[in-house]
**Student:** 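My questions will all concern the structure given below.
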Amino acid sequence: GEDVEQSLFLSVREGDSSVINCTYTDSSSTYLYWYKQEPGAGLQLLTYIFSNMDMKQDQRLTVLLNKKDKHLSLRIADTQTGDSAIYFCAESYGGATNKLIFGTGTLLAVQP
Amino acid sequence: NAGVTQTPKFRVLKTGQSMTLLCAQDMNHEYMYWYRQDPGMGLRLIHYSVGEGTTAKGEVPDGYNVSRLKKQNFLLGLESAAPSQTSVYFCASSYSSSYNEQFFGPGTRLTVL
């Protein structure tokens, strides 16, 4: 079955770079996503990458996709305390049903 | 434009009681979803709907029922609550396209004693 894996916790110092990793299973996924969940809130889409791309950069965010290894990463440059949150990667699944399979989430703690 | 709203925000039930969670969206989205979030397990899909009048089972449907009588509303029912259903429940909606940005509600925290 489908399984999207992430490490559970990452701690960094303010100003450092953060790298959150994810492995996914469905090589036919068209899009892969990173969602952010702040405390007590729902998830919000942070960024996404189309499956025929290797890299996407969006301000402080860099997404890298290695399709051969089914590995996705999110790099946050100059990490700020406001970046503290849970980050979920997700892969699309199921064609017309538009279902997403979410990873377990990585809690990013930014130390001042 | 309120986006996705959920009611109630919090609820405490006793084992065996029933309740309905309401999700509403004002973005004219075709697709709607119910997830539960448990520590260390990410989000798991309970049920989803690809349009008004349609529903389908997700990954963990047992103990839940859903209805989509109106396009903007998606209801999640617990007929006989169990402690294992203690969780945070999220509703989401999206357009029907291959690019599937899902818009999430703020969540409902349910405790079953």
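In what follows, chains are A, B, ... by sequence order, proteins preceding strands, each numbered from 1. Worth saying up front: this structure is predicted, and the values here are computed from it rather than measured.
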**Student:** If every non-hydrogen atom of A:Val12 is compared with every non-hydrogen atom of A:Ser18, which pair is closest and at what distance?
**Tutor:** CG2-OG, 3.4 Å
**Student:** Quick check on the structure: residues of residues 50-73 of chain A within a heavy-atom distance below 4.5 Å of chain B, by number.
**Tutor:** none
**Student:** For chain A, which residues from residues 104-113 of chain B lie under 4.5 Å away (heavy-atom distances)?
**Tutor:** B:Phe104, B:Gly105, B:Pro106
**Student:** With a 3.5 Å cut-off and no angle check, do the side chains of B:Ser94 and B:Tyr33 form a donor-acceptor pair?
**Tutor:** yes
**Student:** By a 4.5 Å heavy-atom criterion (distance strictly below it), what part of B:Tyr35 contacts chain A: side chain, backbone, both, or neither?
**Tutor:** side chain
**Student:** Side chain, backbone, both or neither: which part of B:Gln102 has an atom under 4.5 Å from a heavy atom of chain A?
**Tutor:** both
**Student:** Are a donor atom and an acceptor atom from the side chains of A:Asp16 and A:Thr79 found within less than 3.5 Å of each other?
**Tutor:** no
**Student:** Regarding B:Thr55 and B:Arg68, is there a side-chain donor-to-acceptor distance under 3.5 Å anywhere?
**Tutor:** no
**Student:** Would you mind reporting whether B:Arg44 and B:Asp38 have side-chain heavy atoms less than 4.5 Å apart?
**Tutor:** yes
**Student:** If only atom types and distance count, is the side chain of B:Gln6 paired as donor or acceptor with the main-chain N or O of B:Lys9 below 3.5 Å?
**Tutor:** no
**Student:** Which distance, rounded to the nearest 0.5 Å, do you find between the CD1 of B:Ile46 and the CG of B:Leu76?
**Tutor:** 5.0 Å
**Student:** Only one of A:Thr23, A:Thr106, A:Thr104, A:Asn21 forms a side chain to side chain donor-acceptor pair (under 3.5 Å) with A:Gln6, so which one is it?
**Tutor:** A:Thr106
**Student:** Given 3.5 Å as the limit, does a donor-acceptor pair link the side chain of B:Gln72 with the main chain of B:Asp26, or not?
**Tutor:** no
**Student:** Which pair of heavy atoms, one from A:Ser17 and one from A:Ala77, lies closest together, and at what distance?
**Tutor:** OG-CA, 4.0 Å
**Student:** side-chain hydrogen bond (donor to acceptor under 3.5 Å, both in side chains) with B:Tyr89: which residues, sequence neighbours excluded?
**Tutor:** B:Tyr64
**Student:** Is there side-chain contact between A:Ile101 and A:Thr25, with heavy atoms separated by less than 4.5 Å?
**Tutor:** no
**Student:** Could you tell me which residues in residues 34-44 of chain A have at least one non-hydrogen atom under 4.5 Å from a non-hydrogen atom of chain B, sorted by residue number?
**Tutor:** A:Tyr35, A:Gln37, A:Gly40, A:Ala41, A:Gly42, A:Leu43
**Student:** What part of B:Leu45 gets closer than 4.5 Å to chain A, counting heavy atoms only: side chain, backbone, both or neither?
**Tutor:** side chain
**Student:** Go through the steps for B:Val88 and B:Arg36 under the test side-chain contact (heavy atoms from CB on, under 4.5 Å), then give the verdict.
**Tutor:** CA-CA 6 Å; B:Val88 181; B:Arg36 59 178 289 174; over 6 Å; no
**Student:** Should we say atom CD of B:Gln17 is surrounded by more than 12 heavy atoms from elsewhere, each under 6.0 Å from it?
**Tutor:** yes
